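Atoms within a ligand are numbered from 1 in the order they appear, just like the ligands themselves. Because the structure is a prediction, the values reported are computed rather than measured.
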Amino acid sequence: MNSENLYESIIGLEIHLQLATASKAFAADDASFGGEPNSHVSAISLGHPGTLPRLNKKQVEFAVRLGLALGSKINLTNTFDRKNYFYTDLPKGYQITQDRLPVCTGGSLEIRVGDERRRVRIHHIHMEEDAGKSIHDLDPHFSLIDLNRAGVPLLEIVTEPDLRSGEEVDALMTAMRQLARYLGISDGNMQEGSMRCDVNVSVRKKGETALGERCEIKNVNSMRFARQAIAYETRRQIELLEKGEKIVRETLNFNPATGVTSPMRDKESAHDYRYFPDPDLPPVVLTQAFVDEIQASLPALPDALFEKFTGEFQLSEYDAELLTAEKSTALFFMDLAQNLSAVSTLSADRTDAQQPLFKAAANLVVNKILPFLQEENQALEQFPVPIVRLAEFVQLIESEKVSASIANQRLFPEMVKQPHLPPLELAQSLGLLQSADVDFLEKIVDEALAKFPEKVAEYRKGKKGLLGFFVGEVMRASKGKAEPKATNELILRKLG
Ligand code: ADP
Ligand code: MG
């Protein structure tokens, strides 16, 4: 038996989230991404002697927002410390962070992997500032430094070692990014480095309860690399243990080009940061009223919307996941659902009877609108058709005035071109309405039956399953315009 199967990976993350504040954590400099190198700087972010940091209130507010959304305890008094190390992209020679008393403690976030749901516990969240960027691959002789990022506010979210695979890590990072975007505190963009993580990995034999010694893979900035790094590191550690060797606690780099982790040599390996309280920054003291105000302003969160969509609306988990991936999509769907209740002839409290409508609305968004936007490279806000018209479109399908396939294939593209016309009018002018008109139907039904006399005979001898065949024929001949119920009845009458 393969020895790898006897082990499990144990993983804990330290997630760095860059906050979408206008200015930096302790200075008024522009905190936005990019810009001409070294243009978003000032005497403070350059670490000139005699300058003093001043805390950005927005950073605290964002930290509390995230903490509340994760169910963390908000520490009304929290403090800043200095983490000292020497590196060229750290002009002050220390990073301001929270070591002893972070802003939030505890909390959890649910992840879904396949059919399984799991809560990943959060150890704590602390505020800190980012370092600048060293660029080693632009000049053949020199390393270049860009300090635009120095002092940009970060949250570090430290999880308990609750994750067991690369897939779960991916799910947690995805859920965290989604939450950050719902809360409006960060764009969570991994390509731009707004979200990255240190991945702590250990292994142990399945069934054991004690944790093994771990290694920490620094600064992973893509989910693909995270999975590769975890797979490699897991294998490496198992091999060592199988040879009877010990795991040595190390800080590692992952090289995406080779797929291999290797020990870091520089700043991070010297683990003596000589933390001490930052004498320039007084403790942060929050009032309960400040926290309550933030609590009251929290938007509907992805988990709650997912529950609503799968529960009240009875949508599939697949649809619910796509519809809640971004806040704008979820709000758009909610808006559509509300409008459906409004145009529906059903009374608003008869949700059961509305579930087919919600399902049809989900189909419209997932299968038509989102792909359309992707194709056109547009945001949902730019979608031309007003919500009321979309609600009418769904209604048209549900009332069987237009067949679902005709609506999707022919009516939808027309609506996008003429977004303000009522879909019923459009369907009429394009001749797409289904017909329950007996004269119209009778002619087509008669033709269909005349075309297959042997099948008619078989049906009359008892092969009742042929009904579907005749209905299909009529549908095809009418180009989808035959109204199914009336068609069924008419065929039965003619055959019976
Ligand atoms: P340190 O203070 O040395 O950074 P922490 O206890 O704060 O260590 O843990 C840092 C991260 O490492 C956390 O995300 C935690 O979940 C993870 N971690 C701790 N022990 C282990 C272990 N044995 N295996 C995997 N991850 C671990
Ligand atoms: Mg740590």
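- Sorted by first and then second residue, the ring pair (Phe, Tyr, Trp, His ring centres under 6.0 Å) pairs involving residues 15-42 (not counting sequence neighbours) are Phe26-Phe80.
- Close contacts of ligand 1 with Val158, meaning ligand atoms under 4.0 Å from a residue heavy atom, involve 13 (C), 14 (O).
- In this structure, of Glu216, Glu14, Arg214, Arg121, the residue bringing a heavy atom nearest to atom 8 (O) of ligand 1 is Arg214.
- Near Leu211, meaning under 4.0 Å from one of its heavy atoms, ligand 1 places the atoms 23 (N).
- Across Leu6, Val203, Asn5, a single residue satisfies side chain to side chain contact (heavy atoms under 4.5 Å, CB included) together with Ile238, and that is Val203.
- Atom CD of Glu242 sits in a crowded spot, with more than 12 heavy atoms from other residues, nucleotides or ligands closer than 6.0 Å.
- For ligand 1, the atoms lying closer than 4.0 Å to a non-hydrogen atom of Leu13 are 14 (O).
- The part of Glu160 lying near ligand 1 is the backbone, judged by heavy-atom distances below 4.0 Å.
- When non-hydrogen atoms are compared, ligand 1 lies under 4.0 Å from neither the backbone nor the side chain of Asp162.
- With Glu239 contributing its side chain and Arg236 its backbone, the two residues share no donor-acceptor pair below 3.5 Å.
- Counting only distance, with no hydrogens or angles, the side chain of Arg181 and the backbone of Lys327 share no donor-acceptor pair below 3.5 Å.
- For Arg54, the CZ atom is loosely surrounded, since the number of other residues' heavy atoms within 6.0 Å does not exceed 12.
- Below 4.0 Å from some heavy atom of Pro161 lie the following atoms of ligand 1, by number and element: 16 (O), 26 (N), 27 (C).
- Not a single N or O atom of Glu213, backbone or side chain, sits closer than 3.5 Å to an N or O atom of ligand 1.
- Counting heavy atoms closer than 4.0 Å to ligand 1, residue Arg249 contributes side-chain atoms (C-beta onward) but none from N, CA, C or O.
- Looking only at distances, a side-chain donor or acceptor of Asn148 sits under 3.5 Å from a matching main-chain atom of Gly34.
- Heavy-atom proximity to atom 15 (C) of ligand 1, evaluated over Val199, Ile11, Ile10, Thr159, is greatest for Thr159.
- Under a 4.0 Å criterion applied to the non-hydrogen atoms of Gly212, ligand 1 contributes the atoms 23 (N).
- Of the possible donor and acceptor atoms, one in the side chain of Glu129 sits under 3.5 Å from a partner among the backbone N and O of Ile96.
- Under 4.0 angstrom from ligand 1, the non-hydrogen atoms of Asn200 come from both its backbone and its side chain.
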